Asks: 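Here's a structure for you.
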Amino acid sequence: MSHHPPVPLGTFPTPVEPAPRLAAALGLGPDDLWVKRDDLTGPGGGGNKIRKLEWTVGAALAEGADTLVTTGAPQSNHARLTAAAGARLGLDVVLVLRGSPGVSRSGNLALDGLFGARLAWAGEVDQAGLDRAAAEVGARLRADGARPALIPFGGSSVLGARGYARCGTELREQLPGLRTAVVALGSGGTMAGLVAALGGGSVLGVDVGALADPAAAVAEFAAPLTTEEVDAGRLRVRRDQVGAGYAALTDAVSRALRLAARTEGLVLDPTYTGRALAGLHAAVRDGDVRPGERTVFVHTGGLPGLFGHPAAVAFAEEGARTFGD
Ligand SMILES: *Cc1c(COP(=O)(O)O)cnc(C)c1O
């Protein structure tokens, strides 16, 4: 494992805030629920990927890289924050994205452009195809005399997960007696770091449908960071919020977006944090999370993705009420 120091990018610790109106709406006690504001990590619009990039980009810098290459979906928050980190550190960035130009608009893509990243569209490929396209981009950059470093999908690796172990340490100090941290589970590094710091029994991951076996990824990234045994089969992972797939907007997520907005003025996104809140709601209903237990909802960011998701924007606008009706 790499022992390069992290490069400071974010502002930590992020705040925790009480959410009494949301708690009551979910069926929890008014003092039970807190929100960890990891949407406020700092540069590039904020979000969970900053904590992981501090480590993965730190390693890239230590290796002498001058260019960051990473992969993702068109509305990848990780790709957007890699672009922002590169801009801040004076590094070139190439984003290898699934699909073709025009498949997706606005949202994260607008910010990728603003940060000056170059885009390489890989077509409709699976993760292996995306990784091959990234390797080809790396080879071309090296042939041109650049020194590229590949940042893993979602920024998730054992190294990237270290950033989330730090978030877990912050939570232990900010919320003594914490019973459950609820977080969206995409590429796995975020939940893995929290599991390493808080223990597997204290973290509820809500799968968004990005991986075939998300629990295995979490266990792989978490195990080297803790002396405790991490058993993939015993992790608390909910897979009931995926719906028709990663990019789909489910009714439960639509309701969750509206609920957070109208109880706490809190904006969630349709892919990650909306699913995490829908998963928390389901967990309260089936008794996995109970009133009287101290619970934290880890807000991992993703706001630009709301504006890159036409169905979510349409749903949000439908909710506008005309004064006088
Ligand atoms: C990437 C992402 C997640 C999931 O984090 P992973 O470490 O990939 O599991 C959660 N929320 C948002 C907003 C994200 O962009």
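All of these numbers come straight from a predicted model, not from anything done at the bench. This chain uses plain numbering: 1 for the first residue, then up along the sequence. Atoms within each ligand, like the ligands themselves, are counted from 1 in listed order.
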Asks: For ligand 1, which atoms have a heavy atom of Asn77 less than 4.0 angstrom away?
Replies: 13 (C), 14 (C), 15 (O)
Asks: Gly302 heavy atoms, cut-off 4.0 Å: which ligand 1 atoms fall inside?
Replies: 13 (C)
Asks: Heavy-atom distance to atom 10 (C) of ligand 1: which of Leu268, Thr300, Thr190 wins?
Replies: Thr300
Asks: Does NZ or CZ of Lys49 come closer than 6.0 Å to the centre of the six-membered ring of Tyr272, within 45° of the ring's axis?
Replies: yes
Asks: Tell me whether Asn48 has any N or O atom under 3.5 angstrom from an N or O of ligand 1.
Replies: yes
Asks: Rounded to the nearest 0.5 Å, what separation is found between the CZ atom of Arg166 and the CG atom of Leu194?
Replies: 13.5 Å
Asks: Need the ligand 1 atom indices (1-based, order shown) with element for anything under 4.0 Å from a heavy-atom of Lys52.
Replies: 6 (P), 7 (O), 8 (O)
Asks: Exactly one of Leu277, Asp288, Leu204 should register a side-chain contact (heavy atoms from CB on, under 4.5 Å) with Val182. Which one does?
Replies: Leu204
Asks: Going by an N to O cut-off under 4.0 Å, is there a salt bridge joining Arg37 and Glu17?
Replies: yes
Asks: Heavy atoms only, cut-off 4.0 Å: how does Met191 contact ligand 1, side chain, backbone, both, or neither?
Replies: neither
Asks: Hey, is Arg239 close enough to Asp207 for a salt bridge, meaning N to O under 4.0 Å?
Replies: yes
Asks: Keeping Arg21 on the side-chain end and Arg262 on the backbone end, is there a donor-acceptor pair under 3.5 Å?
Replies: yes
Asks: Given Ser187, Ala192, Gly186, which one has a non-hydrogen atom that is nearest to atom 8 (O) of ligand 1?
Replies: Ser187
Asks: I want to know if ligand 1 touches Gly188 in the polar sense, i.e. an N/O pair below 3.5 angstrom.
Replies: yes
Asks: Within this structure, what is the CG-CG distance for the pair Leu53 and Leu68, rounded to the nearest 0.5 Å?
Replies: 8.0 Å
Asks: Provide the number and element of each atom of ligand 1 under 4.0 Å from a heavy atom of Ala184.
Replies: 4 (C), 10 (C)
Asks: As an exercise, identify every atom of ligand 1 less than 4.0 angstrom from a heavy atom of Gly301.
Replies: 13 (C)
Asks: So which bit of Ser156 gets within less than 4.0 Å of ligand 1, heavy atoms only: side chain, backbone, both or neither?
Replies: side chain
Asks: Nearest protein heavy-atom contact for atom 1 (C) of ligand 1: which residue, which atom, what distance?
Replies: Lys49 NZ, 1.4 Å
Asks: CG of Leu89 to CG of Asp66: how many Å apart, nearest 0.5 Å?
Replies: 12.5 Å
